*Asks:* 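Dropping the structure in here first, questions after.
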Amino acid sequence: MTRNILLGIGILISIIGYSQKVSVELQSGRWEMDSLIQSVSKQVAVKVYYKHEWISDKNVNVLSDSMGFDELITLLEKEHGIYSVIRGNDVWYLLPAPPRAVQLPEIRNSVMENQKSTEHRDVGESTEFEPIKDASVNIEYKVGQKQYIRTSNAVTVRGKIIDANTGEAIIGATLFFPETESGHVSGKDGYFEFKLKPKTYEAKINFLGYQTIHCHIIVLSHGFFEVLMEPEYISLNSVIVSAKRDRKLYGMSTGMQQLSMKTIKEIPVLMGEKDVLKISQMLPGIVSVGEGAGGINVRGGNADQNLFYLGEIPVYNTSHAMGFFSAFNSDVIKGMSVYKGHIPAARGGRISSIFDIETRKGNQEELSMHGGVSPISAFLTADGPIKKEKNSVLLSARSSYSNWILRKIDDPNVNQSTMNFYDIYSSYNHTINEKNRFEIAFYTSYDAFNHHKISDYEYSNFGGSLSWDYSIRPNLSAKFAYALSSYGYEKAKIEDSNSANVRNYRLNHHEVKADFAWKKFTKHSFGFGGALIFYAIDKGGISPYGKASKIDWNELGKENAYQLDLYVDDQIELRPNLSIYGGLRYSRFAALGPQESIRYTMESGEATILDTIKFGRIEEVQAYTNLDIRLSMNYRAFAKTSIKFSYNSTSQYLFMLSNGISISPTDPWKLVDRHLNPLRGQQWSFGIVQEVFNSKLSLTLDGFYKRAKNVVDYRDGANLSGEKFIEQALAQGKQESYGLEFLCRKNHGKMTGWLAYTYSRSLMEISSNGILPEVNGGDQYPSNYDIPHSLTVLANHRFSRRVSLSANFVYKSGRPITIPTARYRINGKYYLDYSSRNKHRLDDYIRTDVSLTIDGNLRRNKPIHSSWVVSIYNLFGRKNPYSVFYRTEAGEIVAYQYSVIGVPITTVTWVFKLGNYASK
Amino acid sequence: MRANRLLLFLFCMLLGSCVDRFKLPNSHDSGYDLVCYGQITNNYGIQKIELSYSASLADSDVLPCTNAHVFVEVNEERPIEFFEWGAPGEYFMWLDEESLTVGNTFKLIIETTDGEVYESEMETMLPQPAIQQITIKQEKKKVLSKGQMQELDGLMFYTDASSNDSNTKYFRLELEETWKIISPLTGVLFDGWHDHLIPADSAYICYKSELVSDVVTISMEDYLEQSIKQFPTYFVHNQSEKLNYEYGLNVKMMAVSYNSYKFWNDLELLHQGSGGIFEVQPYSAQGNIKCISDPTRKAIGVFEVVSYTEKGEHVFNEYGFWYDEYESCSLEELHNGKRDIDPARLPAYIYYKPIPGQMNPLPCIVPGPCVDCRLRGGIPQKPEYWN
């Protein structure tokens, strides 16, 4: 009887590792411990060893039907004095007294093996510096060298957290020191840095989807160490691990939202296209004007007030297929962070938000390959090292093949039309040494539409970046980068051969930047740096299309400008539970010649043209300088409660020309100039983060008030694409928005997901600028994306390792619309008159989606692992209204409501990867 | 922007997008602004200015603006007063050939009974354009008909025209369509005592004309050459009786000012939507008339000075189009003879239905439009351009 025999105490044992993350299903109630142990051992598939007399008289109260194995172990230990030890992954020892740890499992840390200044040791080795106390600690890191110990002074501890399998950096992982109740978050490229006095610290390192590391960090002197985290996909029954909650608690950012690729992959999506931007609209404070609309609106801001970075590359057009899908292939995305409240001083350029889309760096350990097929596109990603653990290459491509669907449609105009898009991303990462690392990345996206005999469209993004991470001194690191982004389009209108024309446009963005992080003092984290951006916009021209076209060539001119940004910031830990952040960002923007600009003179409030000024090459047309202030505070009132406050001022020097309800992929960008001033924004926000139920639930409440000036709106009926002097079609005014955002997120157990509710308003006010009349009579009016109530519920239930079901429910208030309020008769025909802009609303938007993911078998030896995803978008086929339009039919004016998607859309997607279930 | 919408249409077809009727809220909140439509044409003779007030959506109809003083100032010299006669709110005056010379300027001045004064911007008489030809092609086109987007067969009219002046760049087309209708049945009008013959030459074959509600504007502002060739002007589909026999389209091409063009172009944009993601924000089209006594008062409409030319083209049904709009010509058989007719229904249109094998036909009551095409809005005279 195995249960009656305790094998020798001196065997090699390991402290609980993987099993901490396993859940067990137990009927709540009172259990005899013996029965309970047997039940658990069957579920977890471990052999259990103990003496019957140790537990024969013990009963256990089980309070919930599902609990983590680690919770069970804690329960047994704390309430019944039964201690657990697990050997390997399948042997569980129960002991009547605390065990004495003798050996730890091997931890891979090849980088550290080569470093003299840093090493990790197994628990059990003696150290004269400080003895190990906690048997649950499974690894320790030694930082620095003994001979440099100066115990009185704090030293700089730098490190990097990386994926043990792929060598990719992990951004957003948290290090928590229970002793000081302080925490740190790994930043860009997985690096972190803090000041500590030399001694041994107990620490906990965790990140969503990875095994939590309990460790000791032995700080001897300045030094660097690397943490390898094991992914958690080998989990048994459930397991989503605690993750970003620590970041939520300790981070300075109010309103910051993060999405991991794991989350993105579980959410049902339209046509099987995993779309990071569409999914971001399920987070509080982020909306769009409607289904299929390109562009997103963050906390009541215009779609052009968001800046998207794919790695280091700024992307100006984020949509494929006219806005139905994002231009970012989800297979190269590792995660996404949205700064919509507090924006660090190192970031700027837009007044609403910054989207940091973090890309995968490529597997430094082995070759991996992924692919997938959806009804409209297919993708393939390959990555691997050229030299193991030294460098990696990643290449990913996605291409549509949707023309077959068009050809099935019985309409000659449609079945002779074509629609294509593709995007390619590749990167090369190279680690020169501990202090130097560089990355080259390349990105392009392309869309083409040809609507037979009516129009022809092409638009594309092209970008590249070269970045170099350099650790100058132990407490000073730098990152230098050059980024290029180019966005352009060409559109041909061919329906009427007389006016058939082609319009082209291109924007080029060149940016060099340097960011420094300096950890001179224990309580301070300094940052400083700057960027120089050169914008070159070729507004292109309108040229004839075809021999029959009567169109004359019309040159629309060029715009050039530079923008210099300098920033400095400091995060100060005033007390263990109180941190403050302050930053300044100075920017100087100068529009440069050659350029022609009209000079107006104001007479009794109305502008009339005086003359035209011509500016020569590189001559400064107009310059603007602004100083942005960034402040934030984080006060941890209790162990699981954090209160935050932040204030931002922001500047923006370019905007998009758009007079539709939604932005179009071919809306051009425009730089500010002599007549159009930079956009300026200010935001006050506060947030409370509370963790409940043993941190299984994270509750976040954020509030904000934001106002902006010089926000652009347009003259009624303006033709923005053909105006040479655009100030005659645009007006600038004020924007005000405010709201409350609530997020309840569950990351543990078989059932995971979130509930997000937002109440917010977004209001505009445009007065006359002399050149143009005011909009809406100068009165405040709701913006097109003023959506007061927004509720999203997302749930993912994992039935087994192979089967999971996801569902989401979306409710939004109907968006504002301008509807006619009167009618009139002219020449015997009736027409409609509109008064107040956006005074009415469409019906509410409600949508439910579901998706089922079925993974292939779990055999270890197989060449390809694949999975199927069946998703139904708009399950109940609700006709959510998008817009209302009017037509005169048989002399009567008829109003119609337009719904973009009025039926359920079912999609089957197949994805595969080389290797087995666990392969990366 | 329109091309954007068409592109989106492609995608939306795949996604099952749909269009449904939308009920506008009825309210009395708005309306009652002065609405003016004044048109001075190069065709000397009577010129007309229409004045009315806009109505809220809850009102049954618009109200005319009566008893106003309406003047047109020619070349900033002598104001010519227009007088209200005929229908309320319609003001007329005869303008001579000299006043209507190309290059003359015109300004409208209105003084309403409540003492408000409205003025238009100065408008200039432009040279008239020329229409070279109108061509017709059988085509299929996606149209919104009876609340549904559908692809229909029909005839597309194309126009070739040119401007006679390099400075005349804006045009508006006014389209009038005419189609031949033939009464499906022949009958008599029974007054209770006698049958009255309906004259076959006027009641059996008619020609019905209607102004097309589509607003069509043309801008040659960006054109190298001030002309259009094969300009897609109007599509008439086969889901009406219009193409059953003969059909004609008269194109009146007017040279207009930018102000007038902008106003009509706005109306075109606002009333010929097809929905879509990139639909423009609706707005109030206001034109070139302002209230100078109270600038906060809104005025809608346009005063336009146009010189026009017109040309029509008609076509026989050589394409096999057929649409039975009068399926409802149901016969109410009178088995006991005409005495069965309720006197309250008199006079009634009677069709004598032949009964095989019987001498006497069976009298039947039929709807009037089935035997008298004049009741369907037709007239016996063909348009001139059909000859």
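Values reported hereafter were calculated over all heavy atoms of this structure, with side chains retained and with hydrogens, waters and symmetry mates removed. Chain naming here is simple, since letters A, B, ... match the order of the sequence lines and numbering starts at 1 in each. Computed from a prediction, not measured in an experiment: that's the story for all the values here.
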*Asks:* Going by distance alone, is a donor N or O of one side chain under 3.5 Å from an acceptor N or O of the other, for A/Y831 and B/D266?
*Replies:*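 No - no donor-acceptor pair under 3.5 Å links their side chains.
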
*Asks:* At a 4.5 Å cut-off on heavy atoms, which part of B/I228 comes close to chain A: side chain, backbone, both, or neither?
*Replies:*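 Both backbone and side chain.
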
*Asks:* Between A/R837 (side chain) and B/P282 (backbone), is there a donor-acceptor pair under 3.5 Å?
*Replies:*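 The answer is no, because no donor-acceptor pair under 3.5 Å joins these two groups.
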
*Asks:* List the steps and the verdict of side chain to side chain contact (heavy atoms under 4.5 Å, CB included) for B/D222 and A/W553.
*Replies:* CA-CA 8 Å; B/D222 299 323; A/W553 169 258; over 6 Å; no

*Asks:* So, A/K829 side chain and B/L211 main chain: donor-acceptor pair closer than 3.5 Å or not?
*Replies:*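 Looks like yes, one N/O pair under 3.5 Å.
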
*Asks:* Compare every heavy atom of B/L57 with every heavy atom of A/P820, then report the nearest pair and how far apart it is.
*Replies:*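 So the two residues come closest at O-CD1, 3.2 Å.
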
*Asks:* Give, for atom OG of B/S213 and atom OH of A/Y830, the distance between the pair rounded to the nearest 0.5 Å.
*Replies:*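 Separation between the atoms: 14.0 Å.
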
*Asks:* Which value, rounded to the nearest 0.5 Å, describes the distance between A/R823 atom CZ and B/S56 atom OG?
*Replies:*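 Nearest 0.5 Å value for the CZ-OG distance: 8.5 Å.
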
*Asks:* For a quick test of reading the model, state the closest non-hydrogen atom pair linking B/V62 to A/Y824 and the distance between them.
*Replies:*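 That closest heavy-atom pairing would be CG1-CA, 4.0 Å.
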
*Asks:* With a 4.5 angstrom heavy-atom cut-off, could you sort out which part of A/L832 is near chain B: side chain, backbone, both or neither?
*Replies:*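 Interface part for A/L832: both.
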
*Asks:* Would a distance-only check, ignoring hydrogens and angles, find a side-chain to backbone donor-acceptor pair under 3.5 Å from A/N498 to B/K229?
*Replies:*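 Yes, A/N498 side chain to B/K229 backbone: donor-acceptor pair under 3.5 Å.
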
*Asks:* Which atoms of A/S549 are under 4.5 Å from chain B, going by heavy atoms: the side chain, the backbone, both sets, or neither?
*Replies:*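 When you check distances to chain B, no heavy atom of A/S549 falls under 4.5 Å.
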
*Asks:* Between A/N827 and B/Q39, is any side-chain donor less than 3.5 angstrom from a side-chain acceptor?
*Replies:*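 Result is no, nothing qualifies.
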
*Asks:* Do A/I551 and B/Y223 come within less than 4.5 Å of each other through their side chains, counting heavy atoms only?
*Replies:*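 Yes. Closest side-chain heavy atoms under 4.5 Å.
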
*Asks:* Do B/K298 and A/D833 meet the salt-bridge criterion of a basic N to acidic O distance under 4.0 Å?
*Replies:*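 Judged by the 4.0 Å cut-off on N to carboxylate O distance, A/D833 and B/K298 do form a salt bridge.
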
*Asks:* Using non-hydrogen atoms only, which part of B/Q226 is less than 4.5 Å away from chain A: side chain, backbone, both, or neither?
*Replies:*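 For B/Q226, there is no contact with chain A at all, as no heavy atom is under 4.5 Å.
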
*Asks:* Can you say whether B/D61 sits under 4.5 Å from chain A via the side chain, the backbone, both, or neither, judging by heavy atoms?
*Replies:*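 When you check distances to chain A, atoms from both the backbone and side chain of B/D61 fall under 4.5 Å.
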
*Asks:* Measure distances from A/S497 to the heavy atoms of chain B and classify the residue's part below 4.5 Å as side chain, backbone, both or neither.
*Replies:*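 Only the side chain of A/S497 comes within 4.5 Å of chain B.
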
*Asks:* What is the distance from atom OG of B/S284 to atom CG of A/N776, rounded to the nearest 0.5 Å?
*Replies:*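 The distance works out to 11.5 Å.
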
*Asks:* Side chain, backbone, both or neither: which part of B/S227 has a heavy atom under 4.5 Å from chain A?
*Replies:*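 The answer is both parts of B/S227.
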
*Asks:* Is B/E225 close to chain A through its backbone or its side chain, or both, or neither, when contacts mean heavy atoms under 4.5 Å?
*Replies:*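 Both parts, heavy atoms under 4.5 Å.
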
